Amino acid sequence: MASAQPQLVAAFYRFAPLAGLEPLRQELQQLGTEHAVLGTVLLADEGVNGTICGPQAGVEALLNRLRAEPGMAALQEKRSWCDEPCFLRLKVRLKREIVTMGCEGVDPTAQVGTYVPPREWDRLIADPETLLIDTRNSYEVGVGSFAGAVDPGTESFREFPAWAEQTLRPLMQERGAKRLALFCTGGIRCEKATAHLLQQGFDQVHHLEG
């Protein structure tokens, strides 16, 4: 019996204005199906977010098609490998947001926090005037976090704006914090969270690059 073909797993996102979403959705669905690609791809006016698996040639074909869209050339993915498919089907869906915050007017393509490369991260968060914020949900925080990070206690990213408005400002004053440093799992929530905070008048907002 022939062994299963190794599966390339790619997790990716990019904030960039997308147009012609329904034709693009149909094209990606067909392309992925033809190449035995499985997983989920979310398309919205603000960009793309997805995790897929399949033969390397198929995954790269779908990613290259996305990169052909205006503003998507810089799309990057995080890669890993598995011995067998890790999804049951391919779903390419249209959404209002590629990561749901539920706030109108938040535009990470217009402004986001300052990216901090990993080699500079420890120095930033060691500064007592930096408040470190974990933007992940309670389950993810429970798996592990940076020492001293503030856990907003959210179950959904939708809860972050209310927490920022009600709790973050007084917490910064209480701790004498002059700057914020945010992190998440893959970067997408950080980008949107820092865009929201800047929109709400916070400054010196940073997030972990990558």
Side-chain angles (χ1 to χ4, degrees), residues 6-15 38-42 47-53 59 75-87 97-103 106 108 112-198 202 204-210:
Q7 300 281 298
L8 174 60
V9 182
F12 55 91
Y13 79 91
R14 181 164 176 77
F15 287 104
L38 307 174
T40 300
V41 178
L42 304 180
V48 62
N49 180 22
T51 305
I52 57 176
C53 76
V59 170
L75 176 72
Q76 297 182 0
E77 76 276 1
K78 293 180 174 66
R79 296 187 172 200
S80 60
W81 292 89
C82 59
D83 294 330
E84 58 186 28
C86 49
F87 301 105
E97 302 175 79
I98 57 173
V99 58
T100 303
M101 176 176 273
C103 291
V106 179
V112 292
T114 302
Y115 294 97
V116 180
R119 66 181 177 275
E120 299 176 12
W121 182 250
D122 286 347
R123 180 170 57 86
L124 173 67
I125 66 176
D127 189 326
E129 293 185 340
T130 299
L131 188 64
L132 181 61
I133 308 295
D134 192 334
T135 62
R136 302 173 302 158
N137 62 41
S138 297
Y139 171 80
E140 293 168 296
V141 174
V143 173
S145 188
F146 285 103
V150 174
D151 172 16
T154 56
E155 297 299 328
S156 164
F157 191 53
R158 280 181 173 273
E159 300 170 20
F160 181 83
W163 176 83
E165 179 61 31
Q166 298 166 13
T167 305
L168 183 53
R169 293 183 191 276
L171 185 60
M172 290 184 69
Q173 185 174 9
E174 175 188 324
R175 299 197 182 184
K178 294 182 178 179
R179 68 188 63 84
L180 297 170
L182 283 67
F183 66 95
C184 57
T185 301
I188 188 170
R189 283 173 286 187
C190 290
E191 284 205 39
K192 198 152 192 180
T194 60
H196 172 73
L197 292 176
L198 290 169
F202 290 87
Q204 297 196 56
V205 180
H206 304 76
H207 53 129
L208 180 58
E209 185 176 25

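In this text, all values refer to a predicted model and were calculated from it rather than measured experimentally. What's counted below: heavy atoms across the whole structure, side chains too, no hydrogens, waters or symmetry copies.
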Query raised in the report: Once the angle between the rings of Tyr13 and Phe15 is folded into 0 to 90°, is it parallel (under 30°), tilted (30 to 60°) or perpendicular (over 60°)?
Result: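 Rings of Tyr13 and Phe15: perpendicular, as their planes differ by over 60°.
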**Report entry** Arg179, Lys178, Arg175 screened by salt bridge (charged side-chain N to carboxylate O under 4.0 Å, His left out) with Asp127, the one that passes
**Finding:**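 That would be Arg179; it is the only one of Arg179, Lys178, Arg175 passing the salt bridge (charged side-chain N to carboxylate O under 4.0 Å, His left out) with Asp127.
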Given 3.5 Å as the limit, does a donor-acceptor pair link the side chain of [X] with the main chain of [Y], or not?
X	Y	answer
Thr167	Ala164	no
Thr40	Gly50	no
Glu165	Ala162	no
Glu159	Glu155	yes
Lys192	Val99	yes

Query raised in the report: When you look at Trp121 and Leu132, which way does the side-chain contact (heavy atoms from CB on, under 4.5 Å) test go after all the steps?
Result: CA-CA 11 Å; Trp121 182 250; Leu132 181 61; 3.5 Å; yes
Straight-line distance of [X] [atom1] to [Y] [atom2], nearest 0.5 Å:
X	Y	atom1	atom2	value
Phe160	Ile133	CZ	CD1	7.0 Å
Arg14	Glu77	CZ	CD	13.0 Å
Phe146	Asp122	CZ	CG	7.0 Å
Asn49	Ile188	CG	CD1	3.5 Å
Thr114	Leu180	OG1	CG	11.0 Å
His206	Leu197	NE2	CG	12.5 Å

Locate the shortest heavy-atom distance separating [X] from [Y]; write the atom from each residue and the value.
X	Y	answer
Val106	Ala195	CG1-CB, 3.9 Å
Cys53	Pro85	SG-CA, 4.1 Å
Ser80	Leu8	O-CD1, 3.5 Å
Thr154	Arg136	OG1-O, 3.6 Å
Leu182	Ala193	CD2-CB, 3.7 Å
Arg158	Gly102	NH1-CA, 3.8 Å

Query raised in the report: Passes side-chain contact (heavy atoms from CB on, under 4.5 Å), Cys86 versus Val9? Steps please.
Result: CA-CA 8 Å; Cys86 49; Val9 182; 3.9 Å; yes
**Report entry** Glu140 atom CD, over 12 foreign heavy atoms within 6.0 Å
**Finding:** yes
**Report entry** Residues Phe202, Arg169; criterion side-chain contact (heavy atoms from CB on, under 4.5 Å); working and verdict
**Finding:** CA-CA 9 Å; Phe202 290 87; Arg169 293 183 191 276; 3.4 Å; yes
Requested in this report: For Tyr115 and Glu120, test the side chains for any donor-to-acceptor distance below 3.5 angstrom and give the result as yes or no.
Outcome: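 No, no side-chain donor-acceptor contact under 3.5 Å.
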Requested in this report: State yes or no: are the ring centers of His207 and Phe183 separated by less than 6.0 Å?
Outcome: no
Requested in this report: List the steps, then state whether side-chain contact (heavy atoms from CB on, under 4.5 Å) holds for Trp163 with Leu168.
Outcome: CA-CA 7 Å; Trp163 176 83; Leu168 183 53; 3.8 Å; yes
